[in-house]
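Only one structure is covered here, and it is reproduced in the block below.
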Amino acid sequence: MRLTIKHLFLTPGASLADSQQRVRRFLGRTTLVRYDTVEFLPGRTIRGDEADFNETLANGLASNRATLAELVADLDREGFHSLAELAATPQGYPSKLLHTVAHLADGFFGVDSAFYNLAEDSHQISTALRQAMRQQPTDYWLVELTGSSEVEDSDPLNLLRKFEK
């Protein structure tokens, strides 16, 4: 089975090529996710002064929030309702959900990251970076890509472990 995932990266860069190279370097160095192939989507790298930059950025941030809300709802269905229950969370699916929620909240890039801010290693954007992007929009890019890998198993927990190897 081929697993293909789309990501949107915010990155500083002097040019389209520089921005894409920063993303490639990041993907080559991260230990949490490995793809067999990375394909930049034609026409989907947007410079900060282009008309659809802000809307695309807002959509990427919203995708992460939607994923986070979905995971929290899954945790709720699994019986996890408060931080007080953290120590008693059973190992398995509930703890994996909690782990993924933590990654999305703390900034670790993963297969669930629809949007990732390379400038700050985060799933969010700080007020200071927003100000910098307003002042120098041509120095920032949104780079959209798909990463894919061949996987042997359709169990979602095993898929995550395959990417760590």
Side-chain angles (χ1 to χ4, degrees), residues 1-11 20 22-41 44-46 53-130 133 140-165:
M1 174 174 98
R2 189 133 192 98
L3 180 68
T4 301
I5 299 174
K6 190 185 300 185
H7 300 288
L8 178 68
F9 289 91
L10 171 66
T11 181
Q20 290 178 338
R22 287 173 188 257
V23 172
R24 240 185 233 294
R25 186 171 45 247
F26 171 77
L27 289 173
R29 292 178 177 170
T30 186
T31 58
L32 294 177
V33 176
R34 292 279 183 229
Y35 292 121
D36 295 336
T37 60
V38 171
E39 180 184 346
F40 293 103
L41 301 177
R44 295 301 301 155
T45 298
I46 306 166
F53 182 89
N54 288 323
E55 181 181 352
T56 302
L57 179 60
N59 289 341
L61 288 163
S63 290
N64 279 353
R65 283 191 303 274
T67 298
L68 195 52
E70 231 176 84
L71 292 169
V72 169
D74 284 351
L75 272 172
D76 187 61
R77 283 189 290 278
E78 290 291 323
F80 185 92
H81 304 293
S82 73
L83 289 176
E85 297 169 339
L86 184 63
T89 301
Q91 186 175 0
Y93 186 66
S95 65
K96 296 296 184 193
L97 286 170
L98 187 59
H99 183 91
T100 304
V101 165
H103 274 231
L104 282 171
D106 69 8
F108 277 97
F109 176 77
V111 294
D112 294 300
S113 301
F115 165 80
Y116 196 73
N117 171 357
L118 279 182
E120 298 178 308
D121 290 322
S122 175
H123 290 100
Q124 302 295 320
I125 301 173
S126 70
T127 302
L129 181 56
R130 284 188 185 276
M133 291 185 331
Y140 296 91
W141 298 78
L142 290 172
V143 178
E144 193 168 354
L145 60 83
T146 58
S148 62
S149 290
E150 200 63 40
V151 292
E152 299 170 13
D153 194 332
S154 61
D155 176 352
L157 298 179
N158 288 335
L159 290 176
L160 292 175
R161 286 189 285 277
K162 297 280 188 203
F163 279 100
E164 292 173 349
K165 294 181 180 175

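Since the structure is predicted, the reported quantities are computational estimates derived from the model, not experimental observations. Just the heavy atoms: all of them, side chains too, but no hydrogens, waters or symmetry mates, feed the values below.
Across all non-hydrogen atoms, the minimal contact from Ser113 to Phe108 is OG-O, 4.1 Å. Nearest heavy-atom pair across Arg130 and Ile125 is CG-CG2, 3.5 Å.
Here the side chains of Thr146 and Phe40 are not in contact, with every heavy-atom distance at 4.5 Å or above. Looking only at side-chain heavy atoms (C-beta outward), Met133 and Leu10 come within less than 4.5 Å of each other. Between Tyr140 and Leu129, the closest side-chain pair of non-hydrogen atoms falls below 4.5 Å. Counting heavy atoms from C-beta on, the side chains of Leu145 and Leu27 come closer than 4.5 Å.
In this structure, the side chain of Tyr116 does not engage the main chain of Gly110 through any donor-acceptor pair within 3.5 Å. Using modelled atom types, no side-chain atom of Gln20 and backbone atom of Val143 make a donor-acceptor pair closer than 3.5 Å. Of the possible polar contacts, one joining the Asp36 side chain to the Glu150 backbone as a donor-acceptor pair under 3.5 Å is found. Without hydrogens or angle criteria, Arg29 side chain to Arg24 main chain gives no donor-acceptor distance under 3.5 Å. Although no hydrogens or angles enter the test, the distance criterion places no donor-acceptor pair under 3.5 Å between the side chain of Ser122 and the main chain of Asn117.
Listed by chain and number, the residues in a salt bridge (charged side-chain N to carboxylate O under 4.0 Å, His left out) with Arg77 are Asp74 (sequence neighbours excluded).
Side chain to side chain, Asp76 and His81 meet the donor-acceptor criterion of an N or O pair below 3.5 Å. Counted by atom type alone, Ser148 and Thr37 present one or more donor-acceptor pairs between their side chains at under 3.5 Å. At a cut-off of 3.5 Å, with distance as the only test, no side-chain donor of Thr45 or Glu144 sits close to an acceptor on the other residue.
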> After noting the C-alpha distance and the side-chain angles of His123 and Phe115, does the key distance pass the ring pair (Phe, Tyr, Trp, His ring centres under 6.0 Å) rule?
Replying inline: CA-CA 6 Å; His123 290 100; Phe115 165 80; 7.9 Å; no
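The aromatic rings of Phe109 and Phe26 lie perpendicular to each other, with more than 60° between the two planes, well past the 30° mark.
Other residues, nucleotides and ligands contribute only 12 or fewer heavy atoms inside 6.0 Å of the CD atom of Gln91.
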